[in-house]
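Take a look at the structure below.
Counting starts at 1 for both ligands and their atoms, in listed order.
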Amino acid sequence: MKILLLGSGGREHALADALTRENTPVELIAAPGNPGIAELARLVRVNANDPREVAALAEAEQVTLVVVGPEAPLAAGVVDHLQQRGIPAFGPTMGAATVETSKADTKALMMAAGIPTAHAETHRRAREAKEAVRSRFGAPVVIKASGLAAGKGVIVCQTEAEAFDAIDRILDDRVFGEAGAECLVEAFMTGEELSLFAIADGHDVLPMIGAQDHKRLLEGDEGPNTGGMGAYTPVSFSTPSLVDDVTERIFLPTLHALRKRGTPFTGLLYAGLMLTPEGPKVVEFNCRFGDPETQAILPMLTSSLLDPILAVSRGARIGGMAPFRWRSGASVTTVVASGGYPDAPKTGFPVHLPSFSDSVRVFHAGTKRGDNGDLLTSGGRVFAVTALADSFAEAQQASRDAASRIEFEGAVYRRDIGWREASRVG
Ligand code: GLY
């Protein structure tokens, strides 16, 4: 089994780790990969966002399957192109990827299909968006750029003045470029957030265990939004009955609506949920595995990831497949980031990476090899450090301790990943 994995982050390192732990021996090629993935795969230099380059590589290497990690290649139509060439690919087509690439279309789809989500309006003119805030939404309110904005396009505004400023920056200043051609004015929801992933075949889903992300840079969920500073799984309130409820009321109707629209979704459907007093509601969908939740979830998996991925990529149905199986205990992932992240990360520093016990996995996210082979920092989020243990408290402690032992100039990490769970389970 030869697999081409696209991407270069911590999520892709965790995917590489899971795919090479399968019973079926896997020969892995990664494009472009990173130094951590290089320990599991042969790295190839292609532009992962160029459908023709990817297809040419997949054909030259005669791969069985292409697994797409990030959203950018999906938005660029890599899966459409691979499918046209008869190459099985895991991920949605460009049309189905709009669940993530167009928040405006997806909100309209959810509202038309009665899928639980916050009420919102979409606007192209700042004057009209501000009028919506002033007369219909008030504050707090959420302002969102409709398109892809590297995790920064969602602004929770506590006052109307903050909302007006966000609207100006998105629609008039175009701080997110064309992603801000439309903006959503959305009702503020209260509750706990939950990330729930499911492998989807267009009709049915195979859900994974729930995880909770930590989007803010600083402890206590303070500071600017980031791509995610840590995650943990399982989440005690994410019970089997909650997952069944989300499947019935959110995943399956969404797949139905996408089929009806002519853009059936196959791949990994990521539901970002808010557990409100009225039940789970969709905050957003993503069309790929989450980062860093994947680095917490996949090390807990004891059944095959490859079997359902391969099935949906070949156009088969997964309705009758056995549910995923998970080890007991808990998994906590702490992200170690560069100083200056998220606005202006300072990179290029040598890394001291100690060795860890088998219960700790260090996933590379923003690293590269220098000319002399030394490991250097090369991105905002540098490592995702996952610890597995029998209890949540032990996993949290082990993840924090392991993160503290990774050294490079300016390294920052949160010591409180999972603080909400800690207050629930002690
Ligand atoms: N963890 C947030 C994301 O992957 O978008």
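- G290 counts as a contact of ligand 1, since one of its heavy atoms falls under 4.0 Å from the ligand.
- Each of K260, R259, R261 was checked for a side chain to side chain donor-acceptor pair (under 3.5 Å) with T263, and the lone residue meeting it is R261.
- Ligand 1 has no atom lying under 4.0 Å from any heavy atom of F289.
- The salt bridge (charged side-chain N to carboxylate O under 4.0 Å, His left out) with E193 is formed by just one residue from the set R420, K215, R216; it is K215.
- Atom numbering of ligand 1 starts at 1 in the shown order; those under 4.0 Å from a heavy atom of N286 are 5 (O).
- Set against the non-hydrogen atoms of Y270, the atoms of ligand 1 under 4.0 Å away are 1 (N), 2 (C), 3 (C), 4 (O).
- In summary, the aromatic rings of F408 and F349 are positioned with their centroids too far apart to meet the 6.0 Å limit.
- T117 places no side-chain N or O within donor-acceptor distance of the main-chain N or O of K281, the cut-off being under 3.5 Å.
- Looking at E293 against ligand 1, only its side chain comes within 4.0 Å, counting heavy atoms.
- Residue-ligand proximity, D213 to ligand 1, at heavy-atom distances under 4.0 Å covers atoms 1 (N), 2 (C).
- No N or O atom of E284 sits closer than 3.5 Å to an N or O atom of ligand 1.
- Counting heavy atoms closer than 4.0 Å to ligand 1, residue R288 contributes side-chain atoms (C-beta onward) but none from N, CA, C or O.
- Put simply, the side chain of R325 never gets that close to the backbone of L301: no donor and acceptor are under 3.5 Å apart.
- Atom OH of Y413 sits about 13.5 Å away from atom CG of L217, to the nearest 0.5 Å.
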